[in-house]
Amino acid sequence: MPMHERDRCFGFLSTATHTCFWYGRPQSIRLPREVSQHSMKRPYDSRLMRLPQLPLLANNRCWTAVLLSLILLLQACGDSGVVIDNGSVTGSDNAGGGGTPTGEDLQEPDDGGPSGELPPVTSVSNLDAEDVAASRFLAQASFGATVDTIAELRATTLEEWIDAQMILPVSLSEPYTRANSNGSQGEARHEAWWNNVLDEPDQLRQRVAFALSQIFVVSDVDYLLANNQWGMANYYDMLSRNAFGNYRQLLEDVTLHPVMGVYLSMVRNEKANVAENIRPDENYAREVLQLFSIGLYELNDRGEALPADNPVPSYTQAQIEEFARVFTGWNYDLVTSWETTNLGGGDTFTTPMVPDERFHDTGSKTLLNDRVAPAGLSTREDMAFALDTIFQHANVGPFISKQLIQRLVTSNPSPEYVQRVVSVFNDNGAGERGDLGAVVKAILLDDEARNGHENDPDFGKLREPVVRLAHVWRALDGTPGPLSEGVHNTPNFTLNRIDEMTGQEVMQSPSVFNFYLPDHTIVPGGSTLSPEMQIMTEANLASTHNNFHHQVYRFNDRSDLSDDNPRVTIIDLQPLVELATDPDALLDWYNLIFFAGAMPDDMRQSLFDYTRTLGSDDAGRFAAVQDTLFMMLTAPQYHIQR
């Protein structure tokens, strides 16, 4: 079968299938009548794109694999916890003949209880229970478990592992970015980030920094920042350095970073001048309250906005205007004047902003909780007073803690889980408020994080696309292609463009509201949250599945790259081929590394039966690895981190 026919065969599943997920249980599938191809925003870099000419795949193996994949999808959709069309799921009942259910079709339980039943009990009798626990932990605390990291974790306790991670040297992005770019091109920054999350040992710090980058958001979709990548890399490194520090210091470092100054227009923000029709810019004042600290509504320590039917706003427009006056009089360092448009080199965007007292509003300001910044304070004193006021607000603990829980562990933490973490934010046990290292430890060691999957159907989260790709490369020992000069590339996109495939790329969100909202609900108006589902579009799923297909079949350790792209990252399948002499051993490996022991038994049995249809020689085992790996990576069950 020609390669394009083989792509159509698997593409029937991976390119044109959209699964609507409900935690742990995808609820419906749409299979369009015709195979569609994802439309890219622009052609792939011609230097990286060559037409493939690969060995043929027999018709029967191709369509057998597709049929099995459909069976796995149907198995995943078997739970009836969510009512669709009053319990009837028939294609003719939906507009267009069998489409994905709309918001009106999906209903949550009226009593506010779990949205469905627990996933089917999974037998892990072939796996060591402590290995399984280590794999689950690493899914939350790193960019994915590997055989080696599971062994390393098994050699210590979870708390000791966290403590050791926190004292590791910080893996930085800026040095590589400076060495490999003039600052106006984004490729090097993304290469540095991927090198760190794939290969460096400070995995917990990198995972937390990535979470922080989705709270304290900046994005180089801004033109000026797109051309100042040294500054972008420096901003991310600032988050990395502060990942286990104190929230108050982090808030100040974010506030004074010139990248944030540009992104939310605080730099060169001037005091009011009626004659020149100037008034302070409210952009940073609004977002530092709404997104970086206290949120929209007053919260209790359980993260609940009360009263539920009419929550109380946490700030007013008048207070935003007062904070805007606080954040006046800050300019770039290393420039000759307030007015100059000559911003110099990239160092202007890596050094904190400095005060220019001429443009600061020195009047008194009434801030949160009736705290008044007295008149006559300097630019720096005013800022410190305002940030202290924010830091002491009762909302900060629940607002920040819940989002960190969502990014690392589960989208729907219980109020009790949130409250336990907030108590640590408020006091780390040594009288310190805002200790992020203590907060991260509390999040990961909490009983709900370790055992919540055993009794809560809604426990867990969708794996973020970037984290999922990083895990695949880490688990399969992905190495840069032979002509890539040490740079990782996906089969379909260079690293600085994978947002076109996944909807996500580090510090490249479409707005300050990140890639998705932390309170995004599965059902409009519902209560079950799934932030990542906001970018789980048909196009993103199709494109991501195509990418995994090309990775597995075209870019592995046995690929002939003489007529293909030698710059794409290569995965090593040989260890799996050796395991495939015993299909149970292969499936145990998948179950441990990719599912943390949660591969459903019916899925495992289907994959096992499929491997028995292939030969037991080397070619048959290699085919079994390729087919089962691709089906596993694109299965709904793998998209869920529980």
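This is a predicted model, so every value here is computed, not measured.
Here CD1 of I405 is found 8.0 Å from OG of S414. Values are rounded to the nearest 0.5 Å. The distance from the CG atom of N126 to the CG atom of N591 is 8.5 Å, given to the nearest 0.5 Å.
The aromatic rings of W193 and F210 are tilted relative to each other, their planes meeting at an angle between 30° and 60°.
Scanning all heavy atoms of the two residues, the minimum distance from L408 to Q641 falls at O-NE2, 3.0 Å. When every heavy atom of V418 is checked against every heavy atom of P413, the shortest pair comes out as CG2-CG, 3.8 Å. Contact between L541 and H639 at its shortest, heavy atoms only, is CD2-NE2, 3.8 Å. Scanning both residues, F459 and Q140, for their nearest heavy atoms gives CZ-NE2, 4.4 Å. Residues T410 and G460 approach most closely at OG1-N, 2.9 Å, considering heavy atoms.
The existence of a salt bridge linking R154 and D128 is confirmed by a sub-4.0 Å separation between a basic side-chain nitrogen and an acidic carboxylate oxygen. Between E532 and R407 there is a salt bridge, with a side-chain nitrogen of the basic residue lying less than 4.0 Å from a carboxylate oxygen of the acidic one.
For F555, the ring-ring contact (aromatic ring centres under 6.0 Å, His included) criterion is met by no residue, not counting sequence neighbours. Under the rule for a salt bridge (Lys or Arg N to Asp or Glu O under 4.0 Å), D456 has no partner lying at least two apart in sequence or in another chain. For P415, the side-chain contact (heavy atoms from CB on, under 4.5 Å) partners are R302, E304, not counting sequence neighbours. Under the rule for a salt bridge (Lys or Arg N to Asp or Glu O under 4.0 Å), the partners of D618 that lie at least two apart in sequence or sit in another chain are R558, R621. Legend: residues meeting ring-ring contact (aromatic ring centres under 6.0 Å, His included) with F137, ordered by chain and number and at least two apart, are W161. Residues forming a salt bridge (Lys or Arg N to Asp or Glu O under 4.0 Å) with R207 (at least two apart in sequence, or on another chain): none. Residues forming a ring-ring contact (aromatic ring centres under 6.0 Å, His included) with H190 (at least two apart in sequence, or on another chain): none. D609 meets the side chain to side chain donor-acceptor pair (under 3.5 Å) test with Q605; sequence neighbours excluded. Considering only residues two or more places apart in sequence or on other chains, R463 meets the salt bridge (Lys or Arg N to Asp or Glu O under 4.0 Å) condition with none of them. The side chain to side chain donor-acceptor pair (under 3.5 Å) test applied to Q214 returns E464, N514, Y516, not counting sequence neighbours. For T521, the side-chain contact (heavy atoms from CB on, under 4.5 Å) partners two or more places apart in sequence, or in a different chain, are L529. For F594, the ring-ring contact (aromatic ring centres under 6.0 Å, His included) partners are H471, W589, Y638, not counting sequence neighbours.
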Requested in this report: Output, in order, the C-alpha distance, side-chain angles, deciding distance and verdict of salt bridge (Lys or Arg N to Asp or Glu O under 4.0 Å) for K402 and D519.
Outcome: CA-CA 11 Å; K402 184 174 181 178; D519 57 356; over 6 Å; no

Query raised in the report: Going through the checks in order, is the side-chain hydrogen bond (donor to acceptor under 3.5 Å, both in side chains) test met by Y590 and T628?
Result: CA-CA 9 Å; Y590 288 156; T628 56; 3.1 Å; yes

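The backbone N or O of D572 sits nowhere less than 3.5 Å from a side-chain atom of D477 that would complete a donor-acceptor pair.
Under the 4.5 Å side-chain criterion, counting only non-hydrogen atoms from C-beta, V439 is in contact with V421. By the 4.5 Å heavy-atom criterion applied to side chains, Q626 and V577 are not counted as neighbours.
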